[in-house]
Protein chains: 2
Amino acid sequence: MSLSNIEIAQAAQLRPIGEIAEGLGIPPEAVIPYGATKAKIALPYVQGLADRPQGRLILMTGTSPTPAGEGKSTTVVGLGDALTRLGEKAMICLREPAQGPVFGMKGGACGGGYAQVVPMEDINLHFTGDFAAIAAATNLLAALIDNHIHHGNALSIDVRRVTWRRALDVNDRALRDLVLGLGGPGNGYPRESGFDIVVASEVMAIFCLATSLNDLKRRLGEIVVAQTRDRKPVRARDLNAHGAMTALLRDALAPNLVQTIEHTPAFVHGGPFANIAHGCNSYLATSSALRLADYVVTEAGFGADLGGEKFVDILCRSTDLRPSLAVVVATVRSLKYQGGVDVADLPREDVDALERGLVNLERHLHIVREVLGLPAVVAINHRAEDSAAEIDALLAACERLGVRASVAKHFAEGGAGAEDLARAVIEECEPATTEPRYTYPLDASLWEKMTTIATRIYGAEGISADASVRAQIRRLQDDGYGELPVCVAKTQYSFSTDPSALGAPEGHTINVREVRLAAGARFIVMICGSIMTMPGLPAQPAAASIDVDDEGRITGLF
Amino acid sequence: MSLSNIEIAQAAQLRPIGEIAEGLGIPPEAVIPYGATKAKIALPYVQGLADRPQGRLILMTGTSPTPAGEGKSTTVVGLGDALTRLGEKAMICLREPAQGPVFGMKGGACGGGYAQVVPMEDINLHFTGDFAAIAAATNLLAALIDNHIHHGNALSIDVRRVTWRRALDVNDRALRDLVLGLGGPGNGYPRESGFDIVVASEVMAIFCLATSLNDLKRRLGEIVVAQTRDRKPVRARDLNAHGAMTALLRDALAPNLVQTIEHTPAFVHGGPFANIAHGCNSYLATSSALRLADYVVTEAGFGADLGGEKFVDILCRSTDLRPSLAVVVATVRSLKYQGGVDVADLPREDVDALERGLVNLERHLHIVREVLGLPAVVAINHRAEDSAAEIDALLAACERLGVRASVAKHFAEGGAGAEDLARAVIEECEPATTEPRYTYPLDASLWEKMTTIATRIYGAEGISADASVRAQIRRLQDDGYGELPVCVAKTQYSFSTDPSALGAPEGHTINVREVRLAAGARFIVMICGSIMTMPGLPAQPAAASIDVDDEGRITGLF
C-alpha cells in the first residue's frame with residue numbers, strides 16, 4: 001500500500017533551515033527563521049545580490065492539463081533533486097499554494113510522492129503569512145475606498161464604477177457577487193461588489209512582479225480602483241493607501257526558503273493564478289535563486305499557452321529573467337485525455353488515444369520553440385499505471401518532433417528517478433543570457449496584441465468582442481495603456497475558450513468578454529470565456545476529512 | 001520634543017528571543033522562532049507545564065475609559081518591568097492588538113512610551129499570524145455552511161437563520177451588512193449576512209478560552225451556526241468543519257513570546273474584544289506564564305465592569321486561574337472626563353471635575369473588592385499634564401476609600417517609574433489559591449444572571465427586553481443553555497447603556513436588545529444598547545500617514 005503525500009512528507013527528515021541557507025552561502029543574519037524548517041531571507045540581503053552573475057534558469061511548463069494537473073510542481077522538485085544528485089548547485093522556485101483549494105478538491109500543492117517540498121502542512125496552511133498579508137493589503141485598500149466615499153467622497157468616486165474587489169484565501173462562491181454597505185447611512189453607500197481568491201488579486205500579481213520594496217510601493221500606488229463621475233481613474237495613491245499597503249507587505253516580500261525531501265533548497269514565494277494573472281512565483285525569489293545557484297528550476301502555471309507565454313511576454317519583458325531552457329511536462333494520462341478519453345477511463349491503456357492527443361504536445365512544443373524561441377526538453381512524468389507501449393509511443397513521437405525526451409520517475413523514486421532528465425537539461429540548455437522571442441511587440445495596439453496571441457499561441461483565426469468591450473479596449477489605448485502587455489484570462493484546458501475542445505483546435509475565434517486594467521501589475525487582463533476569480537467548494541469538500549490527531553498531527557491533507 | 005511610541009520602540013535594543021526563553025527555563029527545542037525577537041512556545045511543552053506550582057496572578061483592570069483608553073496595557077508593561085527591577089521573576093500577558101484599528105484612529109496597542117512590548121510594528125501588523133488563522137477558520141466554516149446549502153442542503157439549514165458571520169481584521173463598515181450569494185444559481189442562495197472584526201468573533205473567544213488543542217476542537221465543534229427549518233441547532237461538527245478549523249488554528253494556539261523594552265518576558269496571545277466577548281488574552285498564555293514566573297500581570301479589557309467582571313465570571317469559573325490582586329488603573333484625565341470635562345479640555349487642570357469623577361473610581365473599586373472579592377491597589381497612570389493638585393486630590397480620595405494607591409510614571413520612565421506600584425502589589429497580594437467571588441451563581445436562570453450583573457455591577461434598577469428577546473432567552477434556557485455564564489456586550493464608556501451617562505449612574509434600566517448563543521465559547525452574549533462588531537475608519541484614517549521608508553522602516557505607526 002503506497003503512502004499518501006502527507007505521510008511521505010511527515011516521515012521526511014528535514015535539515016535545520018539554517019543549514020540549508022548556509023549551503024547557499026547565505027549569512028546567518030540574513031536568515032529570518034519561521035520555526036526550525038522555514039525561513040525568510042532578509043530583503044536587504046536579497047536586494048544586494050543583484051550584481052552577482054546569474055545561474056541558468058530552467059522554465060517548467062507543460063501540455064494542457066487534465067483537471068487533476070500533470071505534475072509540473074512535482075517535476076520541478078524531481079529535477080531540482082536530480083540536479084543536486086548530479087553534483088550541481090541547484091535551487092527550485094515554486095509558487096505558494098493557495099489555502100482555499102486545500103479544503104476543496106485539489107488538496108495540497110507542494111509536489112507529490114517523493115518529490116515534495118516540506119514541511120508540507122505548513123506550506124499548505126498559512127506558511128509564513130504572505131497570502132494573509134496580500135489579502136490584508138487588498139482589503140485595507142477596499143475599506144479606504146468605501147470609507148472615502150462615506151466621508152464626503154472628495155474625489156467624486158462613482159460608486160457604480162468601483163472596480164476594486166476584496167480578497168480572501170478561501171473557496172467561497174457566496175462571496176463572488178454581493179451587495180455591501182447595506183443597513184443604513186452609518187454603513188456607507190450600498191453597491192455591488194465581491195471577493196476574489198487571493199491568488200487572483202492584483203496585489204498578488206504586483207507582489208510577484210515587484211523588483212524591490214520601492215517598486216512594490218510604486219506599483220501599489222498605480223492601482224486603478226475606480227473611476228470618478230467624469231470617468232477619470234482613481235488610483236490607490238489618490239487615497240494615500242499605498243504606504244500602508246506596503247507596510248502590510250514589507251515582511252512578506254522577503255522570499256521563503258524551505259527544502260525538498262532530499263534537501264534541495266527551495267524558494268516558495270508568491271502564487272498568482274496562471275489563468276487570471278501571470279502565474280509564476282515572485283520575481284525576487286527567482287532572481288535571488290539565480291544569484292545563489294548554478295541551476296534554478298521554476299514553474300509557469302498551466303500549459304505553455306498560458307504560464308509559458310506569460311512568463312516570457314510579461315515577466316521576462318519587464319525583468320532580467322532569461323530562461324535557458326523550457327522543460328515541457330507531458331504525461332501519458334494527459335495526452336490520452338487530450339485524445340478524448342474520459343477522466344474515469346484514463347488509467348486504462350489506450351495507445352490510440354495517446355496518439356490522437358499528441359497534437360496537444362506538438363502545439364505546446366511549437367509555442368515554446370518557435371514562438372518563444374526557447375530550447376526544449378520533454379519530461380514524461382511517469383505514473384505507475386502507464387504501460388510500456390504508451391511510454392514507447394510517446395518517446396517515439398518526441399523523436400519524430402525532434403525534441404529530447406526523458407521518462408522521469410521522481411514521484412516514486414525521488415531525484416534518482418529524474419537523473420536522466422537532469423542530464424538532458426544540462427546538455428540542452430543555453431547560456432543564461434539568451435534573449436527569448438516575444439509573441440508580440442509592445443508597441444502593437446492592444447487589439448493587435450490580443451490577436452497575435454490568439455493566432456500564434458492558440459491557433460485561432462482571430463478574435464472578437466462586443467462593441468462595449470471594443471470601446472473599452474479603445475479607451476484603454478487612448479488613455480495611454482496601449483504599451484502594456486496583455487494577460488489573457490482563459491480556460492487552461494483548451495487552446496480555445498471551450499474547455500471541451502481538446503487536442504489542438506484550429507480556426508476558432510477567441511471572444512474577449514471583458515477587459516480589466518491592472519495598472520499596478522502593468523498588464524491588461526483580457527478575459528476570454530468564463531473564468532472564476534473565486535472558486536467554490538465541491539459537494540464533498542476535503543475540509544470534512546482534514547483533522548488534527550491527539551498528538552497534534554494534521555491528518556487528511558493529501 | 002518627546003519621541004513617538006514607534007520611535008522609542010525602534011530605538012530599543014532587543015535581546016534574542018532565545019535568551020528571553022532561556023531566562024524562563026524554556027528549553028531551546030520548545031522555542032519556535034518567528035524572526036530573531038518573536039517566538040511561539042511549543043504547545044506540547046506548554047501543556048506539559050500544568051503540574052508545576054503557579055505564581056501569583058495580578059489582574060489589571062481600570063475605571064471607565066475615555067475614548068483614548070487609560071493606559072492599562074502600558075501599566076501592565078510598567079508593572080512587569082518594575083517587578084523585574086525589584087528582583088522578582090515576573091512575566092506579563094497581553095492581548096494581541098487588532099490590525100484593523102491600527103489603520104484607523106487608535107494606532108498601535110503594545111503599551112506606550114517607555115513601557116512597551118517590542119518589536120512594536122511586528123506585533124501590530126500580522127505578528128505571528130494568529131488573527132489571520134482565526135479569520136481563516138471563521139471563514140472556512142462560513143464557506144462550508146453556504147456550500148452545504150448549495151449542494152442540496154441535506155441538513156435542512158434555514159437560509160434565513162444562518163447566524164454565523166465571516167470575519168476580517170479590518171475596520172470596514174461596508175461589510176457590516178450585506179447580501180451575498182448573488183449572481184445566479186452557480187453562486188448559491190442569496191441571503192443576508194455580514195463580517196465582524198476578528199476580535200469580535202466567536203472563534204477568537206474560543207481560542208482564548210481553550211485549555212488544550214483537544215478542548216479547542218471540541219469547542220469549535222459545538223459552535224451553533226444556524227437553525228434548521230424546524231428550529232433545531234446546526235453545529236460546526238454537523239458540517240465536519242471542526243477538524244479542519246483546528247488544523248488551521250493548531251500553530252496559532254501556541255503562545256507568542258516577546259519582551260518589553262526592558263526585557264521582561266511577555267506572552268502576547270489572542271485578543272477578544274471586551275465589549276462583545278470576554279476581553280482577555282488566551283488562557284494558555286496566562287496559565288503557562290503562571291508556571292514560568294512568580295508574578296504574572298495580565299489585563300482584562302476596559303473597566304472592572306466589563307473585562308474585570310468577565311475575567312472572574314467567565315474565565316476563572318471555567319479554568320484554574322485565580323487572581324491574587326486587582327490593580328485598578330485610574331488617570332487624572334479619565335476621572336476629569338467622568339466628571340464631565342470635554343475630551344478637548346482634558347489637558348487643563350480641573351480638580352473639581354476630578355472630584356466629581358471620583359464616583360466612577362469608587363464604583364469600580366466596589367466591583368473589584370465587594371462584588372468580586374479581590375484585594376485592590378490603585379495605579380495612578382501619570383501623565384505629563386497632570387497637576388500636583390490633581391494628583392494630591394486623587395491620592396487623598398484613595399486614602400478615603402481605604403485603598404492603597406501609587407503614582408506610576410512608567411510611560412515616561414519605564415519600570416523605574418513603577419517600582420512603588422510594584423512594591424504595593426507585592427505587599428497587598430494574596431496567595432495564588434484564593435477563590436474569587438462570583439457575581440452570580442451559575443444555576444441562576446439567564447434572566448436572573450443578567451439582572452444580577454445589571455444591579456450589582458452596573459448599579460441599575462433592573463433589566464428590560466422586548467417580547468421577542470425574552471422569548472429568545474426563554475428558548476435558550478429551555479434548550480439547555482441556562483447553565484452558561486452571561487457575557488454582556490455594552491458600551492465601555494458608562495455603567496449604563498448610554499455612553500454619555502458618566503460617573504456612576506444609578507437607577508437606570510439595562511435593555512437587552514439582542515441575545516446570541518456562543519455555544520463553543522460557552523457563554524450567552526447579551527447585547528445591551530448598540531455595539532459595533534465591525535468598526536469603521538475615521539474621516540482621516542491613520543492608514544494615510546503610515547508608510548515604509550527607503551530603508552524599509554515602517555513610519556507613521558503611533
Side-chain angles (χ1 to χ4, degrees), chain A residues 32-36 43-44 99 103 125-126 129 132-133 136 139-140 142-144 146-147 150-152 168-183 186-188 213-214 217 239-241 243-244 246-248 250-251 536-537 539 541 543-544 546-548 550 552 554 556, chain B residues 32-36 43-44 99 103 125-126 129 132-133 136 139-140 142-144 146-147 150-152 168-183 186-188 213-214 217 239-241 243-244 246-248 250-251 536-537 539 541 543-544 546-548 550 552 554 556:
Chain A
I32 306 164
Y34 281 64
L43 213 47
Q99 192 169 273
F103 297 100
L125 302 176
H126 308 308
N139 297 331
L140 173 62
L144 289 168
D146 281 302
N147 188 59
H150 178 70
H151 287 295
L168 274 181
D169 195 2
V170 63
N171 284 16
D172 191 347
R173 66 174 65 74
L175 295 178
R176 287 174 190 155
D177 284 299
L178 44 80
V179 173
L180 45 70
L182 298 172
N187 296 351
L213 194 60
N214 275 330
K217 186 160 88 179
L239 295 155
N240 278 317
T246 306
L248 281 168
R250 181 194 64 168
D251 292 351
L537 293 169
I546 293 174
D547 203 356
V548 179
D550 283 346
I554 292 174
Chain B
I32 305 165
Y34 281 64
L43 213 48
Q99 192 169 275
F103 298 101
L125 302 177
H126 308 307
N139 297 331
L140 173 63
L144 289 168
D146 282 301
N147 188 60
H150 178 69
H151 288 295
L168 273 181
D169 194 3
V170 65
N171 283 17
D172 192 347
R173 66 175 63 76
L175 295 178
R176 286 173 189 155
D177 283 301
L178 44 80
V179 173
L180 45 70
L182 298 173
N187 296 352
L213 194 60
N214 274 330
K217 186 160 88 179
L239 295 156
N240 278 316
T246 307
L248 281 168
R250 182 195 62 169
D251 292 350
L537 292 169
I546 293 174
D547 203 356
V548 179
D550 284 345
I554 291 173

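By convention in this document, chain letters (A, B, ...) are assigned in the order of the sequence lines, proteins followed by strands, and residues within each chain are numbered from 1. Just so we're clear, the structure is a prediction, and the values are computed from it rather than from any experiment.
Residue contact with chain B, scored on non-hydrogen atoms closer than 4.5 Å, involves the backbone and the side chain of A:Asn147 alike. In this structure, the portion of A:Asn171 lying under 4.5 Å from any heavy atom of chain B is its backbone and not its side chain. Residue B:Asn139 touches chain A through both its backbone and its side chain, counting heavy-atom pairs closer than 4.5 Å. Contact annotation for A:Leu248: both backbone and side-chain heavy atoms come within less than 4.5 Å of a heavy atom of chain B. For a residue to count as touching a neighbouring chain, one of its non-hydrogen atoms must lie under 4.5 Å from one of that chain's; by this rule A:Ala133 touches chain B with backbone and side chain alike. Proximity to chain A (any heavy atom under 4.5 Å) is shown, for B:Ala539, by both the backbone and the side chain. Of the two parts of B:Ile554, the backbone and the side chain both hold a non-hydrogen atom closer than 4.5 Å to a non-hydrogen atom of chain A. Both the backbone and the side chain of A:Leu144 come within less than 4.5 Å of a heavy atom in chain B. Interface residue A:Pro33: backbone and side-chain heavy atoms are both found under 4.5 Å from chain B. For a residue to count as touching a neighbouring chain, one of its non-hydrogen atoms must lie under 4.5 Å from one of that chain's; by this rule A:Leu213 touches chain B with the side chain only.
Ranked by heavy-atom pairs under 4.5 Å with chain A, the list B:Pro44, B:Pro541, B:Ala544, B:Ala136 is led by B:Ala544. By number of non-hydrogen pairs under 4.5 angstrom with chain A, the leading residue of B:Ala241, B:Gly186, B:Ala132, B:Gly556 is B:Gly186. Counting heavy-atom pairs closer than 4.5 Å to chain A, the top-ranked of the candidates B:Val170, B:Val548, B:Asn214, B:Ile32 is B:Val548. Between chain A and the residues B:Ala36, B:Ala174, B:Ala142, B:Gly188, the most heavy-atom pairs under 4.5 angstrom are made by B:Ala174.
Taking the salt bridge (Lys or Arg N to Asp or Glu O under 4.0 Å) definition, one finds that B:Asp547 meets it with A:Lys217, sequence neighbours left out. Partners of B:Asp172 under the salt bridge (Lys or Arg N to Asp or Glu O under 4.0 Å) rule, at least two apart in sequence or in another chain, are A:Arg166.
In plain terms, the two heavy atoms of B:Ile546 and A:Ala247 that are nearest each other are CG2-CB, 3.9 Å. Between A:Ala244 and B:Ala543, the shortest heavy-atom contact is CB-O, 3.4 Å. Between A:Asn187 and B:Asp177 the shortest heavy-atom distance is ND2-OD2, 3.1 Å.
In this structure, the side chain of A:His151 engages the main chain of B:Leu537 through a donor-acceptor pair within 3.5 Å.
Rounded to the nearest 0.5 angstrom, A:Leu168 CG and B:Leu140 CG are separated by 11.5 Å. Atom CG of residue A:Asp146 and atom CZ of residue B:Arg173 lie 9.0 Å apart, to the nearest 0.5 angstrom.
Screening B:Val179, B:Leu175, B:Leu180 against A:Leu180 for a side chain to side chain contact (heavy atoms under 4.5 Å, CB included) leaves a single residue, B:Leu175.
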